[in-house]
Amino acid sequence: MIPLLLFWLPLVTVLVSAVAGLAIFVAGERRQRLRTWLNLAAAVLKLMLIALIGLLVMAGHTPEFRISLLPELDLVLRADALSMLFATLSALLWLVTTIYAIAYLEHAPNRARFFGFFSLCVASTMGIAMAGNLVTFFIFYELLTLTTWPLVVHTGTAAAIASGRTYLRYTLTGSAVFLIGLVWLYGLAGGQDFIAGGTISELGLDQDWSLRIIFLLLVIGMGVKAALFPLHAWLPKAMVAPAPVSALLHAVAVVKAGAFGLVRVIEDVYGPALVSELGLGLPLAIAAAFTIIYGSALALFQTDIKKRLAFSTVSQVSYIILGVAIGGPVATIGGLVHLVHQGLMKITLFFCAGIFANFLGVKKISQLDGIGRRLPWTSACFTIGALGMIGLPPVAGFISKWYLGAGAVAAGQPWVIIVLVTSTLLNAAYFLPLLKRIWLHDPPRQWPAEVQVSRLETAAMVGSSITTALFSLAVGLLAGFPLSPLNWVTGIVTEYFP
Amino acid sequence: MISWLLPGLVVFLLLNLAAGLVRVARGPTPADRMSSALLFGSTTVAVLLILAEWMSEPAMRNVALLFVMLAAVISLAFFGMPRDIGAGDDEP
Amino acid sequence: MTEAALAGLVFLPLLGACLLLLVPRQWRTALVLLVVVPLPVLLLPITAVVWQQQAVQMAVAGHALPLGIVWRVDALSLLLLWLNAFLLVFVGLQALTRFPPATPAGLRFWPLWLLLAAGIHALLLSADLFNLYVTLELVTLAGIGLIATSNRPAALQAAMRYLLLALMASLLYLLGVGLIYAEIGTLDLYEAGNLLEPGLLPATAMVLMITGLLVKAAIFPLHAWLPAAHGNAPGPVSALLSAIVVKVSIYIVWRLWFWTAEGWPMPALELFLGLLGAGAILYGSALALVQKRLKMVIAYSTVAQLGYLMLIFPLASLLAWQAAGFHLVSHGLAKAALFVAAGNILASLGTDRLRRLAGLDQRLPLDVFTLALASVSLMGLPPSGGFIGKWLFLQAAWEQGAWGWMALIALGGLLAAAYLFRILALTCFHPRSHGHSSRLREPPSRASLAGLLLALAAIGLGFASAPILTMLASAWPGVIAP
Amino acid sequence: MSSAVLFVIVAALLFGIGVYGLIIAGHLLRKLFAINIMGNAIFILMVAASGPLDGKPDALPQALVLTGIVIAVSATAFALALMVRLYQLTGQASLHNNEGGDD
Amino acid sequence: MNLAVDSLIGLGLVALAWQAISGRSLFRGIVMFVVFGLTMALAWARMGAPDLALAEAAIGAGVTGALMLVALRRLVQLHPDQPAEPKRARSRLALPIALLAASLVAVIGLGAVSVDREPGRAGVAVMDNLAETGLSNPITGVLLVFRNLDTLLEVAVLLAAFLAALAVFRDQEQAPAPPRGDLPLVGALLAIIVPLTILVSVHLLLAGSHEPGGAFQAGAVLAAGGVLLILAGRLQPASGMPLATALPLVLGLLVFSVIGLAMMLTGAPLLALPGLWAVYLIEAAMMISIALTLVLLFAGASGLRRERP
Amino acid sequence: MRGNRDTSNASRRQRWAWALQIFIVLLLLWIMLNGLAQLWAGLIAALAGAAIGAWLASGQPHPWKPHRLLAFAGFFLWESLKGGIDVAWRAFHPKLPIQPGFTSYRMALPAGQPRTLMVSTVSLLPGTLSADLDDSGEMLEVHGLTPDAMDSVFRLEAWITWLFSLDR
Amino acid sequence: MSMGDTSLVEWIATSLLVLGALFYLAGTVGLLRFPDVHCRLHALTKADNLGLLLVCAGLGLLACDWQVAALLGTIWLLGLLAATVSAHLIARHACRDHSATSSRTGSA
């Protein structure tokens with residue numbers, strides 16, 4: 001029983017949302033109630049399955065699903081500690097986002113299509129989380145591109161289609177580069193599973209330059225999705241998508257997939273030791289640092305709320321990359337934990353921005369004046385998220401930045417502190433004016449496009465925001481708790497740096 | 001019998017044909033072209049018959065038979081042509 | 001048993017075509033089914049034997065070489081036979097709705113369809129150079145006749161162009177056959193491989209034959225006839241033409257190159273053929289991007305995708321062999337699915353102009369879904385069959401350190417994505433264009449189902465690669481040859 | 001110079017003429033002539049190039065050519081039908097570039 | 001002297017071919033092409049290929065020429081006002097390409113003629129095995145016994161061509177009624193030639209076993225008779241395909257396949273013919289099919305009917 | 001009445017007569033081509049040919065006597081010899097002594113074989129060519145190389161009248 | 001058969017053949033020299049048929065085989081038929097278009 005369970009469980013977990021997605025397509029546009037139930041049931045079921053896998057992992061089992069695509073090329077889905085981290089995050093946020101999206105899209109057209117692809121997108125993310133080797137990762141990575149594209153172009157406006165085209169141009173080029181690197185690596189080292197500490201460091205390959213170029217190719221491939229400078233341009237454009245999509249794109253699925261992939265490459269394929277031996281960490285760290293500053297700086301000049309948040313994402317995701325690129329246990333903890341923290345905070349921010357836009361038609365920063373009095377709960381959530389981003393204790397963001405700084409010093413790279421400080425200042429510079437407007441300015445006589453919303457919608461959307469906001473507070477406040485992301489990450493990192 | 005008589009005749013008839021082709025080329029009316037095709041048919045029959053004798057290949061007589069039998073097909077097909085079929089024809 | 005199955009492959013459709021003209025109209029549908037459905041069954045015993053012995057050989061009329069004609073089936077031909085059987089069944093499903101056999105249109109269509117099937121089967125079985133010529137002509141003429149059943153000016157124009165070029169191409173091939181016979185006095189493909197020594201004359205013959213075949217296979221820059229022909233043919237016909245008919249010419253090129261001309265030192269030619277493939281990929285994709293009609297996009301995509309099949313010449317390894325074979329099958333399925341879906345759309349809307357397709361996903365969801373699925377395979381996105389093909393190609397190129405080819409393959413995938421996503425964006429996400437709602441005629445569900453099944457097969461192929469690759473490996477001439 | 005050589009040269013010339021005609025001809029009928037001439041050139045070559053066996057001509061190429069002739073006739077007949085129909089529909093008996101076609 | 005004859009024929013072929021493609025009027029081109037076909041028959045005769053000469057004579061004189069003329073007639077009748085012939089393509093490359101092609105063929109052809117090679121192995125095998133078949137014409141041996149799959153498929157090609165043409169025939173454009181045989185001479189011609197074509201075709205069919213001739217030549221001659229009848233208006237195109245038309249149309253293929261397959265039941269190889277009678281039977285059926293297919297292709301219709309009273 | 005299109009009114013007996021004539025001719029031809037070896041096939045072919053011939057048969061067969069036919073053949077052979085020599089002489093003559101012109105000639109012969117024979121043989125007589133026939137089938141347009149060529153046409157008509165015993 | 005006998009037959013045959021060829025030549029000359037279609041047809045039908053007759057006779061003598069001779073005779077008869085019918089058809093075709101062609105002929 002247990003072996004069978006261990007074999008099929010990862011696949012089932014991935015397929016739950018895929019099946020839900022297909023069922024939503026088949027059910028069609030009209031059957032709204034069925035769709036809602038499908039959505040929620042699948043999300044809850046998935047969360048339970050993740051919990052089950054988590055229990056099994058903690059009990060020392062490794063659920064693993066494996067079929068052969070080609071000789072020596074397996075499709076492997078496996079639950080290890082790192083995948084559980086990402087999987088839990090996505091499953092949790094999916095549930096919340098689903099609730100939010102159901103309310104958000106209450107009156108929008110084409111919902112069947114939206115929720116269908118939404119579910120497929122989550123299935124792909126889950127596949128990425130559980131991918132047991134780089135090929136599997138790549139497969140789901142591509143599927144993610146495929147399933148998010150319909151969401152980006154969902155509204156069907158010219159702007160949406162144009163941004164969809166940009167999105168595809170970047171991501172598909174990225175994956176083509178990725179694929180070349182992958183085949184190359186495969187040719188050199190074979191298609192091995194992810195192993196903590198790296199697979200190819202064991203092989204003792206005498207191919208330094210090949211490995212460096214492969215690393216570059218892989219970084220480009222992942223960097224596109226992770227919006228690493230200069231591959232970030234698609235992300236702000238993709239803001240035309242509906243708010244839940246932005247939330248998902250930025251907080252959970254796409255950018256995280258890129259960052260997560262980089263973590264996998266550095267920690268599980270090359271291994272930290274080989275990365276530093278080949279001298280790959282520093283350039284990557286520099287690129288990440290540059291992206292952090294660059295994204296923050298550009299965010300300053302945005303007048304659109306979602307655009308500003310988007311550039312903030314560009315900068316924040318690079319914290320994760322920075323963390324793993326610096327190397328050393330402490331910085332790695334900082335990077336990995338930011339994966340979770342940034343997700344929680346950013347999704348809160350996007351939820352709130354969506355509420356502003358949906359309820360009141362507020363899309364520009366200049367229109368935020370006095371919104372705190374009109375939508376106090378939402379504004380409070382927004383504030384928590386923003387403060388977390390700046391890195392103010394006790395919100396989650398602070399912990400990440402602390403570990404990053406400490407790790408940098410520990411790894412002998414004190415210049416990172418300067419980057420962190422500059423970035424924090426910039427963060428403050430672009431978030432604080434917003435908060436000031438929200439709370440201190442007077443509300444206008446009339447909101448740009450106020451609409452009547454039902455109580456249920458309000459409850460669902462604001463409730464979701466509050467939930468995620470509370471989570472971001474909680475992971476900061478309860479960082480010392482045994483099951484907190486920080487502890488979890490620490491556990492993972494000890495495997496990498498025994 | 002003179003050994004080169006039969007091939008000589010063939011050459012002679014072929015030259016004859018070549019001369020007749022001038023009429024096909026010059027026209028001027030389609031009927032002219034058709035009539036030289038007629039010449040072609042009857043001369044070729046003779047050529048084939050002589051070839052049959054010369055090459056000792058009796059099957060050539062069958063070929064000649066086919067030619068002469070089917071010569072009328074083309075004439076008949078030509079007969080159905082519209083009168084102005086060759087319009088815009090003529091000397092290069 | 002095997003011999004009967006082999007004979008059945010050719011004679012069942014052949015007799016079917018004849019009988020179709022004879023039987024009363026109400027029996028025709030049953031007759032068509034009776035012919036098409038058993039074809040996959042016939043392949044089973046053959047597959048079993050090929051699996052065990054690598055090849056089946058049979059002297060037609062019992063005359064041994066060099067006197068008679070020999071049929072020979074190895075894994076490569078078997079693979080194409082399977083592909084063909086699959087296509088006949090599923091594309092036939094659409095064709096049954098488009099051309100009901102009991103109607104006059106059906107009577108024009110089905111006998112040709114069956115003759116085409118018989119021709120393809122005979123071609124794939126045959127190992128005789130001249131017999132290949134005859135079968136090639138049968139395939140070409142039946143194919144062009146099927147294009148002409150559309151009877152629209154554009155289609156007829158395309159058919160005419162195709163016919164002229166195909167005739168010329170056959171002549172080039174025939175010239176090569178004549179030279180080879182003059183040189184060694186045998187027509188068997190494999191025997192010729194043993195007897196022919198590399199030299200000016202055999203090489204010229206080979207080049208002539210291959211040139212002719214490349215015209216028939218529409219390899220860039222000899223592709224000019226293909227887009228119009230495939231773009232204007234009736235839906236099921238386009239599907240079959242793009243999915244298998246052009247491929248059988250390439251199949252013969254492979255046979256000639258790797259069996260008859262096995263081991264000849266022709267590096268420049270290898271590279272040249274590869275470059276043609278590269279040209280096809282780039283040029284076909286670029287033109288697919290600017291087409292205004294759905295079927296034309298798909299047709300140009302065929303031009304592009306056929307280019308991959310040429311990459312086997314410069315790469316020339318077991319992996320490349322597997323890659324090309326696999327690509328051939330996966331492209332066949334995906335392309336057939338695309339054309340079937342496009343045919344349904346065209347039949348429903350009365351047009352396939354791209355700008356008229358906006359918002360189609362609401363009205364013909366199944367067909368649009370088929371388009372999307374097939375596109376995924378065509379772009380080589382995982383986990384489809386197309387991905388496995390691309391992966392194998394990349395690996396083959398990597399093995400030889402051929403970075404240029406690797407880049408090309410990656411680029412080809414991107415370009416495919418570019419033109420296919422353009423269609424998907426239009427069909428699914430553009431606001432619906434007004435006016436076509438009243439004229440929409442739902443395609444029969446069987447027709448849509450046919451496309452969907454083909455598309456699913458194209459995707460599913462990604463999970464069933466192992467047996468195919470094993471079989472392909474057994475047919476790799478590098479293994480057979482001493 | 002033997003007859004075989006002579007006929008090979010004739011075949012070559014015919015082939016060239018056929019190719020030339022195929023390229024320059026405007027009317028489809030002419031293109032068909034050209035293709036048929038090319039075909040005949042190749043048939044001649046096939047028979048002439050495979051030399052005699054024991055003094056008698058090799059029968060096999062002749063049989064092949066016979067098959068080839070039948071095929072050429074079939075294709076020509078079909079092409080003519082196609083041409084007539086095309087002319088009826090479009091008023092043109094030549095190939096022109098309109099590949100996108102009408103819908 | 002041989003050479004003089006041959007070079008005259010060759011020269012004629014080249015000149016005719018050139019005239020056929022380059023002349024100014026289409027009609028003249030057709031005449032030249034027909035004459036070219038007749039000259040080909042002479043050439044075959046000279047090359048020691050009487051079978052081919054027969055085929056060329058029957059096809060060239062009886063079918064192709066008439067087919068082309070009638071096609072031209074239909075074109076002219078469809079759009080009488082159109083200019084007769086579209087402009088010729090001007091291509092600077094045409095001449096170089098043609099010269100290149102010609103020289104290529106010349107070089108390889110001469111190479112093939114001059115190489116010192118072993119005799120055609122398959123050709124030798126044909127001669128060695130001919131006696132077993134009971135036939136004495138090696139070409140019929142190849143076509144009906146040794147490589148009969150080619151022949152079978154060739155008949156299928158013919159059928160495919162017909163079916164393909166059927167797809168473009170439309171009833172409304174049925175051949176405009178050909179000139180009626182209202183000339184006494186035409187009546188006499190028909191009364192003499194048509195029965196003769198039947199006789200000659202049967203003769204060629206039977207002769208095929210031991211001397212030049214065979215199903216195709218016979219079929220072509222028979223077809224020529226049919227063409228004559230159509231030209232004279234005695235047979236007219238009709239739509240629809242009654243069984244009486246369809247059966248003979250596919251008879252050759254049917255008989256050939258059934259005999260070939262039936263042999264498998266007895267354990268013999270596919271298409272191994274049981275004896276000379278089978279050869280004759282198949283040839284007869286093929287002759288009928290070939291003739292009818294060619295006639296229908298000529299008529300431009302799926303069926304034929306008698307002259308309307 | 002048109003020349004020979006009246007197939008419908010050829011009676012059954014006349015058709016049999018036609019068929020028999022054609023059958024015999026064809027059988028003789030077969031024997032000539034093949035000898036007596038495969039007479040069965042010849043019989044079949046001749047029968048088929050006769051059937052077709054009878055279907056094509058036109059008008060009523062006019063009775064003719066064999067000895068008159070032989071005499072007519074002699075006349076015809078002689079005339080065509082003369083015709084050939086005549087036209088060859090004119091063609092080779094440096095001055096090209098011809099004065100072409102058309103003459104309309106009304107035939108007194110009945111429709112059917114006699115008229116057909118007339119129209120076809122006119123072309124082989126010296127200096128004449130049957131160029132056209134009007135719709136009634138009686139007026140023959142004769143093209144003459146010289147004005148006096150018409151003489152032979154008159155003689156021909158007389159011969160044909162005699163051959164078919166029409167003068168009674 | 002004695003030698004002399006044979007040679008006599010051969011001499012006759014040879015002269016017949018040569019004579020036949022000359023008539024063919026006459027036909028061609030006529031075709032080229034005569035002014036219009038109808039005159040040319042005269043040349044063709046009459047001269048060529050005589051030519052064919054002579055050639056057939058000559059060859060029949062040479063072959064010395066009744067079957068061949070009969071075949072040659074048949075061929076000649078058929079040639080006769082084809083020639084007269086074709087000549088008539090072509091002449092008629094030209095006649096019906098006489099007004100048009102004669103002006104053309106004049107100009108040519």
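Convention: sequence-line order gives letters A, B, ...; per-chain numbering from 1. Just so you know, these numbers use all the heavy atoms, side chains as well, and skip hydrogens, waters and symmetry mates.
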Trainee: Drop me the distance from C:Asn151's CG to C:Arg108's CZ, to the nearest 0.5 angstrom.
Mentor: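 Here the interatomic distance stands at 7.0 Å.
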
Trainee: Does any backbone or side-chain atom of C:Leu156 lie under 4.5 Å from a heavy atom of chain E? Answer side chain, backbone, both or neither.
Mentor: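 C:Leu156 touches chain E through side-chain heavy atoms alone.
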
Trainee: Looking at chain C, which one of E:Pro269, E:Ala268, E:Ala167 has the largest number of heavy-atom pairs inside 4.5 Å, strictly under?
Mentor: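 Highest number of pairs under 4.5 Å: E:Ala167.
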
Trainee: Say whether, by atom type as modelled, one donor and one acceptor occur between the side chain of E:Ser302 and the main chain of E:Gly240 under 3.5 angstrom.
Mentor: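 Looks like yes, one N/O pair under 3.5 Å.
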
Trainee: With a 4.5 Å cut-off on heavy-atom pairs, point out which of C:Leu138, C:Asn131, C:Thr140 contacts chain E the most.
Mentor: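 The candidate making the most pairs under 4.5 Å is C:Asn131.
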
Trainee: Please say whether the positively charged group of C:Arg72, taken as NZ for Lys or CZ for Arg, lies over the ring of C:Tyr190, i.e. under 6.0 angstrom from the six-membered ring centre and within 45 degrees of the axis.
Mentor: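 Yes.
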
Trainee: For the atom pair CD (C:Gln26) and CG (C:Leu31), what is the distance rounded to the nearest 0.5 Å?
Mentor: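 C:Gln26 CD to C:Leu31 CG: 12.0 Å, rounded to 0.5 Å.
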
Trainee: Relative to chain E, which of C:Val139, C:Leu146, C:Leu141, C:Val134 shows the most heavy atom pairs under 4.5 Å?
Mentor: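 Heavy-atom pair counts peak at C:Val134.
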
Trainee: Are E:Glu154 and E:Arg147 ion-paired here, with the side-chain N under 4.0 Å from a carboxylate O?
Mentor: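 So E:Glu154 does not pair with E:Arg147 through a salt bridge.
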
Trainee: For C:Ala122, which atoms come within 4.5 Å of any heavy atom of chain E: side chain, backbone, both, or neither?
Mentor: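 Interface part for C:Ala122: side chain.
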
Trainee: Would you mind checking which part of E:Leu152 comes under 4.5 Å of any heavy atom in chain C, side chain (CB onward), backbone (N, CA, C, O), both or neither?
Mentor: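 Side chain only.
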
Trainee: Relative to chain E, which segment of C:Leu6 carries a heavy atom at a distance below 4.5 Å: side chain, backbone, both, or neither?
Mentor: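 C:Leu6 has no heavy atom closer than 4.5 Å to chain E.
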
Trainee: Go through it in stages, so that I can follow the logic: the residues are E:Tyr280 and E:Ser209, the test is side-chain hydrogen bond (donor to acceptor under 3.5 Å, both in side chains), and I'd like the CA-CA distance, side-chain angles, deciding distance and then a yes or no.
Mentor: CA-CA 9 Å; E:Tyr280 284 128; E:Ser209 65; 2.9 Å; yes

Trainee: C:Thr204 versus chain E, heavy atoms under 4.5 Å apart: side chain, backbone, both or neither?
Mentor: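 Answer is side chain: those atoms of C:Thr204 sit under 4.5 Å from chain E.
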
Trainee: Picking from E:Asp150, E:Asp128, E:Val107, E:Leu163, which has the most non-hydrogen pairs under 4.5 angstrom with chain C?
Mentor: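 Answer, by heavy-atom pair count under 4.5 Å with chain C: E:Asp150.
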
Trainee: I'd like to verify something: which residue of E:Leu243, E:Leu149, E:Val126 has the highest number of heavy-atom pairs under 4.5 Å with chain C?
Mentor: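 The answer is E:Leu149.
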
Trainee: In Å and rounded to the nearest 0.5 Å, what is the CG to CG distance from C:Leu208 to C:Leu174?
Mentor: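 Rounded to the nearest 0.5 Å, the CG-CG separation comes to 11.0 Å.
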
Trainee: Checking C:Asp128 against chain E: side chain, backbone, both or neither under 4.5 Å from a heavy atom?
Mentor: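 For C:Asp128, the side chain is the part near chain E, not the backbone.
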
Trainee: So which part of E:Asn129 gets closer than 4.5 Å to some heavy atom of chain C, the side chain, the backbone, both or neither?
Mentor: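 Side chain only.
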
Trainee: Given a strict heavy-atom distance threshold of 4.5 Å, which part of E:Leu261 is in contact with chain C: side chain, backbone, both, or neither?
Mentor: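 The side chain, not the backbone.
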
Trainee: So which of C:Asp188, C:Leu21, C:Leu67 has the largest heavy-atom pair count under 4.5 angstrom toward chain E?
Mentor: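 Top option by heavy-atom pairs under 4.5 Å: C:Leu67.
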
Trainee: What distance do E:Thr140 atom OG1 and E:Asn148 atom CG have between them, rounded to the nearest 0.5 Å?
Mentor: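 With rounding to 0.5 Å, OG1 (E:Thr140) is 12.5 Å from CG (E:Asn148).
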
Trainee: Determine whether E:Leu144 and E:Glu283 make a side-chain contact, defined as any pair of heavy atoms from C-beta on separated by less than 4.5 Å.
Mentor: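 In contact.
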
Trainee: Specify which of E:Pro242, E:Ala165, E:Ala246 makes the most heavy-atom pairs with chain C at under 4.5 Å.
Mentor: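 The answer is E:Ala246.
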
Trainee: Among E:Leu166, E:Leu270, E:Val157, which has the most heavy-atom pairs under 4.5 Å with chain C?
Mentor: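 It is E:Leu270.
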
Trainee: Nearest 0.5 Å please: distance from the CD atom of E:Glu56 over to the CG atom of E:Leu52.
Mentor: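 Here the rounded value is 8.0 Å.
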
Trainee: Which answer fits C:Leu187, side chain, backbone, both or neither, if we ask what part of it has an atom under 4.5 Å from a heavy atom of chain E?
Mentor: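 The side chain, not the backbone.
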
Trainee: Can you say whether C:Ala59 sits under 4.5 Å from chain E via the side chain, the backbone, both, or neither, judging by heavy atoms?
Mentor: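 Contact with chain E involves the backbone of C:Ala59 alone.
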
Trainee: Check whether C:Leu179 gets within reach of chain E through its side chain, its backbone, both or neither, counting any heavy atom under 4.5 Å.
Mentor: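 When you check distances to chain E, only side chain atoms of C:Leu179 fall under 4.5 Å.
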
Trainee: Which bit of E:Leu159 comes within less than 4.5 Å of chain C, counting heavy atoms only: side chain, backbone, both or neither?
Mentor: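 The answer is both parts of E:Leu159.
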
Trainee: If you count heavy-atom pairs under 4.5 Å with chain C, which of E:Val145, E:Leu104, E:Leu273, E:Leu249 comes out on top?
Mentor: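 So the answer, after comparing E:Val145, E:Leu104, E:Leu273, E:Leu249, is E:Val145.
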
Trainee: How long is the gap from CG on E:Leu158 to CD on C:Glu137, to the nearest 0.5 Å?
Mentor: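 Going from the CG atom of E:Leu158 to the CD atom of C:Glu137 covers 12.5 Å.
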
Trainee: With a 4.5 Å cut-off on heavy-atom pairs, point out which of C:Phe130, C:Tyr133, C:Trp71 contacts chain E the most.
Mentor: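 Answer, by heavy-atom pair count under 4.5 Å with chain E: C:Phe130.
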
Trainee: Would you check if C:Leu240 and C:Leu88 make a side-chain contact, meaning some heavy-atom pair closer than 4.5 Å?
Mentor: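 SC-SC contact between C:Leu240 and C:Leu88 confirmed.
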
Trainee: What part of C:Leu175 lies closer than 4.5 angstrom to a heavy atom of chain E: side chain, backbone, both or neither?
Mentor: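 It is the side chain, since no backbone atom gets that close.
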
Trainee: Examine whether an atom of E:Val105 lies under 4.5 Å from a heavy atom of chain C, and if so say whether it belongs to the side chain, the backbone or both; otherwise answer neither.
Mentor: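 The answer is the side chain of E:Val105.
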
Trainee: Just so I understand: if I count every heavy-atom pair under 4.5 Å between each of C:Thr149, C:Leu200, C:Leu115 and chain E, which residue has the most?
Mentor: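 Top option by heavy-atom pairs under 4.5 Å: C:Leu115.
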
